[in-house]
Amino acid sequence: MLSPYRVLDLTRSRGHLCGQILADLGADVVQVEPPGGSPTRRRGPFVDDVPHVDRSLAWWSENRNKRGITLDLDDARGRELLHRLVDSADFLIESEAPGVQAARGLDYASLAAVNPRLVYVSITPFGQTGPKAAWADSDLVLLAAGGPLRLNGDADRAPLRLGVPQAYAHAAAEAAGAALVAHHERMRSGRGQHVDVSAQQAVTLATQSYLLSAAVGFPDARRIAGGAGIGPLSIRFVYPAADGYVSVTFLFGSSVGHFTRRLMHWIAEEGGCDAATRDKDWIGFLDRMFAGEESFTELFRTQELVADFTRTRTKAELLQAALERDLLIAPVATTREVVDNVQLAARDYWQTLAHPELDRAVRYPGPFARLSATPLRYRRRPPTVGEHNREIFGGELGLDDAELARLGAGGVI
Amino acid sequence: MPEAALADVKILDLMWAIAGPAATRMLADYGAVIVRVESPKHTDICRTIMPFHELPPESESAVLFHNMNAGKRMLTLDLGTPAGREVLLDLVRWADVVTEAYSAGTMQAMGLDYEALRAVNPSLIMLSTCLMGQTGPLARYAGFGNLAHSITGFGALCGWPDRAPAGPFGAYTDYIAPRFSAAVILAALDHRRRTGEGQFIDLAQAEASLHFLAPAILDYTVNGRIRSAHGNADDEAAPHGVYPAAGDDRWIAIAVHDDAQFAGLASVLGDEGLTRDPRFASGAARRANVAALDAAITAWTAVRDAHAAEAALQAAGVPAAVVAGSAELCADPQLIHREHVRRLAHPTYGTTPVENARSLLSRTPAVVAGDAPTLGRDNYEVLAAILGYDDDRISELVAAGALG
């Protein structure tokens, strides 16, 4: 879909996902790494737990469908080669701390002078300017500074993050959309622009607008295990199953109350609650709480009653019942159960890419969308270090073998 | 001031809840003309989700709804009436893109699937997004993001090793999928501009969101390892955790990724000896002996104001941040610098707050336009100015109950 367009991806250790999304959409994405390879390649997990720059699963996760070259951007010859690549590029993505690219003469203003059509995307922790622009960051720190962390975890313990880093994935995916907004405009105006993405600001979407509570004088949400607390109200989503846990949307109101009603009918059929509980006004339950006609004690009692019921069923049984009876129940799936999911298998989701240098075929998460006219294709496994140096520096920029050897010996590529 | 980036993009938006409207909200920020259709009989669930302007809430009290739909034009339409469906088809003729987020099969049941809509607009792009996708045995599995994050494995990776899964908070995949939806719509528009060809896009929230778990997925498909929840521990950084600060439920997040950051931490703790202690001489050593470091950090943070601790650590180059709640986020100098919280005029409350776009474009910045998107606010404008209906036609529609 985006095959006419060239992306130079300078992201070093964070933000690779932006380029991968554009690559999955068909763009020709060239990942530019420092000589020796990106720092991401030194992050685990590794294939067979053997650390090596061409065995990093952190690297494989975000660099599929890209080509890869090495180039020392702190070297004048390296920057000269980059300028030549920028000349024909449509997008450039980078994730250096604010000011680093300007010191190299590779900031937006400098490269726009080379190519005024360039869409230049910067992904940083807090944005290019502002009081925190130079702050030290990490995934955990950005989740704290952007709001989601405080909402997550057990009430009696510290706030909690997810076990797989998320902040830069949010920022990078946000950046992919923003880059295409700028691209759309460029097709009318002929001019590029600078796109400044802040990871702190990107993760605020994961507060589900609770960020705005204080602006309307509403109580802040509280973290409770497997749910959310607001004022005295506790919304609980995670319930025990015989072989693990399930998530149950046990909520009320005109949109979801009928799911709760059907759940309570099932529980009653199986002897798990009495008719009076079954026949409560599950659509109007919250309104009745506000009116003082239902109590928190009663809410907690019914939540426990649901837990006592789900505890007697397996995750698979509960999912089957959800499908048959139109209930809002899902298994809390392990990674293995996700990979074995029948729906993903039926849709042929998982994609296998060959890694011949390791004599392996690897199953990857599949295309993020299905398009009727231009299906997303997995064309390339993530590149090995400098895999496309000859193809791009030689084939495209016309450097001869002697020049390539000289640049290699000089540590430029 | 140049024209808005997406000023020439017209979208008929049949989305509801969070994941769908969040995607079109992003496009609205950059000037796309979006007509959001809402059923007056089955209003958006976001109208019933906290936070609210007041309790008990009424239909325009929900901050989340306004935040997800700012900048869109709002039309009420009863698709159960023949007249309502006629209006919808006129909007399909007008639109470049139709987006919808009903359960799979709902549009077909209304006779409004892609083939039917393409019959009136041959170059139409249509994006359908639901939890598990439009096909397959779980296609019609209804649900919200809390179910999607559970079935896609996020929940099992968020918690303490000795406790039940703790999160993630809310409808987590609803905060991931919209980024992919916005990007694929824009790519499809580019393809159509070049070729004249529209298409149907099936975006399953689950399938898009799994890309945020790719390292864990690959660890299983390559190494056979099933990762489990491990609190705030990190594979590489140590110390790495959330530590109590002085006061009630006050916390600070601290992450140390390298020797320089560790030296900074030691200086802030006033214990330079830590950097000479062989137990903490490398990242691996710090991970092995992290309990002793956690205790030293906690002793220091627990008696300090969270913001003072944050300032001291950041001054020493240590990644650290107060675990911010709503009040701190609304007053955060960095978010204020980026004008993150905006206010729109609201007929009941004077103003309502919404969040800004999350990217700054240097030449065509986002503009959060218009008043609070209240139910049916733009009915006349959409019917008269966009569809060109005259007043008689509009009166007929009202009489026929097409607008609810």
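Worth knowing before you read on, the calculation uses all heavy atoms, side chains too, and leaves out hydrogens, waters and symmetry mates.
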Report task. List the steps, then state whether side chain to side chain donor-acceptor pair (under 3.5 Å) holds for A/H184 with B/D8. Result -> CA-CA 10 Å; A/H184 184 94; B/D8 58 342; 2.8 Å; yes

Query - Working for side chain to side chain donor-acceptor pair (under 3.5 Å), residues B/R358 and A/S198 - result: CA-CA 7 Å; B/R358 293 178 172 82; A/S198 142; over 6 Å; no

**Report entry** Worked check of side-chain contact (heavy atoms from CB on, under 4.5 Å) between B/T48 and A/L286
**Finding:** CA-CA 10 Å; B/T48 66; A/L286 196 63; over 6 Å; no

Report task. Could you please spell out the steps behind the ring-ring contact (aromatic ring centres under 6.0 Å, His included) verdict for B/F212 and A/H170? Result -> CA-CA 8 Å; B/F212 276 38; A/H170 284 282; 5.0 Å; yes

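Salt bridge status for A/R150 with B/D249: present, with a side-chain N to carboxylate O gap under 4.0 Å. The residues B/R338 and A/D196 are annotated as salt-bridged, a charged nitrogen and a carboxylate oxygen being separated by less than 4.0 angstrom. A salt bridge links A/E174 and B/R179; the closest N-O separation between the charged side-chain nitrogens and carboxylate oxygens is under 4.0 Å. Using a cut-off of 4.0 Å between Lys/Arg side-chain N and Asp/Glu carboxylate O, B/R225 and A/D49 are scored as salt-bridged.
Side chain to side chain, B/Y172 and A/Q166 meet the donor-acceptor criterion of an N or O pair below 3.5 Å.
Judged as a side-chain contact (heavy atoms from CB on, under 4.5 Å), and not counting sequence neighbours, the contacts of A/T207 are A/P148, A/L151, A/L211.
Between A/F290 and B/P57 the shortest side-chain heavy-atom distance falls below 4.5 Å. Between A/D137 and B/P319 the shortest side-chain heavy-atom distance does not fall below 4.5 Å.
Judged as a side chain to side chain donor-acceptor pair (under 3.5 Å), the pairs with a partner in residues 324-336 of chain B (not counting sequence neighbours) are, in order, A/K132-B/D332, A/Q200-B/D332, B/R250-B/E328, B/H307-B/E328.
Using a 4.5 Å cut-off between heavy atoms, A/L142 does not touch chain B at all. Contacts between A/D287 and chain B at a heavy-atom distance below 4.5 Å are absent for every atom of the residue. Only the side chain of A/L25 comes within less than 4.5 Å of a heavy atom in chain B; its backbone stays farther off.
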